[in-house]
Asks: 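Sharing a structure with you now.
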Amino acid sequence: MPARFAPKLLTVFKEGYGLPELRADAVAGLTVAIVALPLSMAIAIASGVSPDRGLFTAIVGGFLVSLLGGSRFQIGGPAGAFIVLVAATVRAHGLDGLLLATMLSGLMLTALGLIRAGAFIRYMPYPVTVGFTAGIAVIIFASQIKDLFGLTLSGPEPGELAAKLGALIRAAPTANPQAIGLAVGVMIVILGLKRFRPQWPGMLIAVTLAGVTAQVAHLDVVTIGERFGALAQGLPAPSLPALGWDKVQAVLPSALSFTLLGAIESLLSAVVADSMTGRRHRPDTELIAQGIANIGSALFGGIVVTGTIARTATNVRSGARGPVAGMLHAAFLLAFMVIAAPLAAYIPLAALAGLLAVVAWNMAEKHEFAVLLRASKADAAVLLTTFGLTLAKDLSTGIVAGFSLGALLFIHRMASQVEVQGLEDEPDGFDPVLTADRDIAVMKISGAFFFGATAQVGATLDEIGDRPKGYVLDLSEVRLLDSSGVAAISGFARNAQRRGARVYLAGADKAVRRALMAQGLTPPVVRYRSSAEAAVRALKAPLSPPSDAAHPG
């Protein structure tokens, strides 16, 4: 197996793994499992599926991510970021469609890892990441308003944000004060424990207290058992979702969305773990593991798996030594499911809604959002475009539009940094004796000469006019030259050649010269010299035989 695809589990074992490491991983795994237990059920419910499917995802997907992944500390499972996409897929294609889309996404993620695309996915602009994360946070919170306030809707809850808010506002008179009290209590307990007892499992404590309170006080609130019935007390037998070409075509857009967001989220989570530990993950291995984990999750009836930043950070802070912690976290969750599944039926949905409201608040990256709004007009434009389209349309549209706008603005900024200077702009740049001849035009190009800058550079070169009998293009400060830049120089040089003028390219480094010569810029169309001064001397001298220009001086 190539080193870049080797799971980190093998690396940890090669370094030496004994009882102290196992003990530390067991403590970390148990801690993460306690956090993941209520969160996995809450995410599943918000995604439009039964709570046990969230546990299937955390158990199967979490185990495979740690077993095969490229990060020592990554914890896989259902993630809040996917609630919007999963819920939309369930509404459009049903549970079978969701499972098929999850499996297809797993195949795509595996393929991305095998073609070594991990490094490229990490190039997502930061304003895009903050924008779609904030958008998801708003949508998650909106999806929990019904259970937070105990509302009763006259019909199905709409999926689109605007329609959803309208329906919720119309249902406001049906609000249940007892549900509101439980939800607010859960939020207070979670936030209070996070502040004063951060090492305690605040989410589990809050949800447990809410369940006990609801039963002891006989509160009139909807519970998991009332809405979903009894939960499974173990994993189901693996089975394939309903297959068919028409079904594959129908769910393919959802699978692509899962793949895009899953790759971004999992690698971002791995980067967070790296920053906390000083380690380095293997992005391609991580993508392959995420892909296999999604296939495995779908086979066991689970939903989309990805790296989870909060649980991964909890794993690191709990003293994990390697991937065994994540594998044990999955085993502990399975044990909880087998032993305590009947108790989950008593958990009020308002309590899980309060939990997800806190998750949404933490997801929103409010400080980063405000900083980017003030940073620059370009960053603000990308941020607001991504955020707005995520809310108004969907997540994929927001990401694609934000990324495209960010790329265009980056190209514009890079192109604006390219300069074309005549000799009069830099009088100290050359020996005055060499530049006294008015029949020689010396131009210096600086920066990345790529497709975004060709129009600007081409227009400047055209303004030189027909007067000079010789041209020197100083490329000594060009470090990037693409085929569009070569084409611009080639067009200029061939026009000059037709007028009987000579063109010298000066100071080009090996990479730039190789790009020029590969597209036919060789003598007699152009000649090369090591510096602008040497090129001017050559133009003042009688025309050399063609052979001398093939060997740059």
Side-chain angles (χ1 to χ4, degrees), residues 38-39 41-51 54 80 83-92 94 134-192 203 206-229 344-364 366 387-388 390-395:
L39 193 55
M41 292 191 292
I43 290 171
I45 292 172
S47 300
V49 298
S50 60
I83 289 175
V84 179
L85 291 176
V86 173
T89 304
V90 172
R91 284 194 301 269
I136 290 169
V138 171
I139 295 173
I140 290 174
F141 181 79
S143 73
Q144 298 307 301
I145 293 176
K146 176 177 176 290
D147 289 329
L148 273 171
F149 292 90
L151 302 177
T152 302
L153 302 183
S154 57
E157 186 174 356
E160 294 185 0
L161 182 62
K164 181 194 297 287
L165 293 177
L168 293 171
I169 291 172
R170 289 191 294 272
T174 67
N176 181 345
Q178 295 179 355
I180 296 172
L182 271 184
V184 171
V186 165
M187 288 187 278
I188 291 173
V189 171
I190 291 174
L191 295 175
M203 291 183 177
V207 170
T208 302
L209 288 175
V212 172
T213 301
Q215 293 303 310
V216 171
H218 303 289
L219 299 181
D220 182 21
V221 292
V222 180
T223 64
I224 287 179
E226 291 173 18
R227 181 172 294 182
F228 298 100
Y346 299 103
I347 296 175
L349 295 180
L352 295 181
L355 182 154
L356 283 177
V358 174
V359 170
W361 176 259
N362 292 334
M363 276 183 66
K366 303 165 287 297
F387 177 70
T390 298
L391 295 180
K393 186 66 176 172
D394 54 53
L395 179 62

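Scope of the values below: all heavy atoms of this structure, side chains included, with no hydrogens, waters or symmetry mates.
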Asks: Can you check whether Lys146 reaches Leu349 side chain to side chain, under 4.5 Å on heavy atoms?
Replies: no
Asks: How far apart are the closest heavy atoms of Ala360 and Ala137, and which atoms are they?
Replies: O-CB, 3.3 Å
Asks: Are there over 12 heavy-atom neighbours, none belonging to Lys393, within less than 6.0 Å of that residue's NZ?
Replies: no
Asks: So which atom in Asp147 and which in Arg227 form the shortest heavy-atom distance, rounded to 0.1 Å?
Replies: OD1-NH2, 3.4 Å
Asks: If you apply the rule side-chain contact (heavy atoms from CB on, under 4.5 Å), what do you find for Val359 with Met203, and how did you get there?
Replies: CA-CA 10 Å; Val359 170; Met203 291 183 177; 3.9 Å; yes
Asks: OG1 of Thr223 to CZ of Phe228: how many Å apart, nearest 0.5 Å?
Replies: 10.0 Å
Asks: So do the side chains of Leu352 and Leu356 get within less than 4.5 Å of each other, counting heavy atoms only?
Replies: no
Asks: How long is the gap from CE on Met187 to CG on Leu182, to the nearest 0.5 Å?
Replies: 10.5 Å
Asks: Quick check for you: to the nearest 0.5 Å, what is the distance between Ile347 atom CD1 and Ile224 atom CD1?
Replies: 4.5 Å
Asks: Do Gln144 and Ile83 come within less than 4.5 Å of each other through their side chains, counting heavy atoms only?
Replies: no
Asks: Keeping Asn176 on the side-chain end and Val221 on the backbone end, is there a donor-acceptor pair under 3.5 Å?
Replies: no
Asks: Could you tell me whether the side chain of Leu148 reaches within less than 4.5 Å of the side chain of Val184, counting heavy atoms only?
Replies: no
Asks: So which atom in Ser47 and which in Val90 form the shortest heavy-atom distance, rounded to 0.1 Å?
Replies: O-CG2, 3.9 Å
Asks: State whether the number of non-hydrogen atoms from other residues, nucleotides or ligands found under 6.0 Å of Glu160 atom CD is greater than 12.
Replies: no
Asks: What's the spacing between Ile136 CD1 and Met363 CE if we round to 0.5 Å?
Replies: 5.0 Å
Asks: Is the closest side-chain heavy-atom distance between Ile145 and Leu165 below 4.5 Å?
Replies: yes
Asks: With a 4.5 Å cut-off on side-chain heavy atoms, are Pro348 and Leu219 touching?
Replies: no
Asks: Before giving the answer on side-chain contact (heavy atoms from CB on, under 4.5 Å), spell out for Leu168 and Leu153 the whole-Å C-alpha distance, their side-chain angles and the decisive distance to 0.1 Å.
Replies: CA-CA 7 Å; Leu168 293 171; Leu153 302 183; 4.2 Å; yes
Asks: Where is the tightest heavy-atom contact between Met41 and Ala344, given as atom of each residue plus distance?
Replies: SD-CB, 4.1 Å
Asks: For the residue pair Ala167 and Pro158, what are the closest heavy atoms and their distance?
Replies: CB-CD, 3.8 Å
Asks: Please give me the minimum heavy-atom distance between Ser50 and Ala44, naming the atom from each residue.
Replies: O-CB, 3.5 Å
